[in-house]
Amino acid sequence: MNADTLQTELEEAGELMVTVEEIDEPLELHLHDAEIGSETITLELADGELVFDLDSVVGYWKHLHSLEDYGL
């Protein structure tokens, strides 16, 4: 996955969902709790940090919250 693409999408949306190869559930990244580096992503959680390789991200999408977000 491209770090610049993910960073741009995160900045535009404020939050981003990602699928990571070795993690069964999607992860939610926010501007205030995620750092996207050139090789890794660090996610600050309530009880610690989760660090995973940028190359292990296999998909991303905008997390929707409202009818307007869905175009309804």
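For this chain, numbers begin at 1 and follow the sequence in order.
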Using side-chain heavy atoms (C-beta onward) and a distance below 4.5 Å, is Thr8 in contact with Leu10? no
Decide yes or no for Glu28 and Glu15: does some side-chain heavy atom of the first lie under 4.5 Å from some side-chain heavy atom of the second? yes
Could you walk me through whether Ile41 and Val51 pass the side chain to side chain contact (heavy atoms under 4.5 Å, CB included) check? CA-CA 6 Å; Ile41 296 176; Val51 180; over 6 Å; no
Given 3.5 Å as the limit, does a donor-acceptor pair link the side chain of Ser56 with the main chain of Asp53, or not? yes
With a 4.5 Å heavy-atom cut-off, do Leu27 and Thr19 have their side chains touching? no
Does a sphere of radius 6.0 Å around CD in Glu25 hold more than 12 heavy atoms from other residues, nucleotides or ligands, not counting ones at 6.0 Å or beyond? no
Do the side chains of Thr42 and Phe52 get nearer than 4.5 Å, heavy atoms only? no
In terms of heavy-atom contacts, Gly37 and Ala3 come closest through O-CB, 3.5 Å
CD/Glu35: more than 12 non-hydrogen atoms of other groups inside 6.0 Å: no
Close side-chain approach of Leu31 and Glu11, heavy atoms under 4.5 Å: yes
Value for CE (Met1) from CG (Leu6), rounded to nearest 0.5 Å, stands at 5.5 Å
Going only through I, L, V, M, F, W and Y residues with side-chain contacts under 4.5 Å, is there a path from Leu16 to Trp61? no
Any Val58 side-chain heavy atom under 4.5 Å of Val18 side chain: no
Side chains of Thr40 and Leu54 in contact at under 4.5 Å (non-hydrogen atoms): no
For the backbone of Thr5 and the side chain of Asn2, can you confirm whether one donor and one acceptor N or O come within less than 3.5 Å of each other? yes
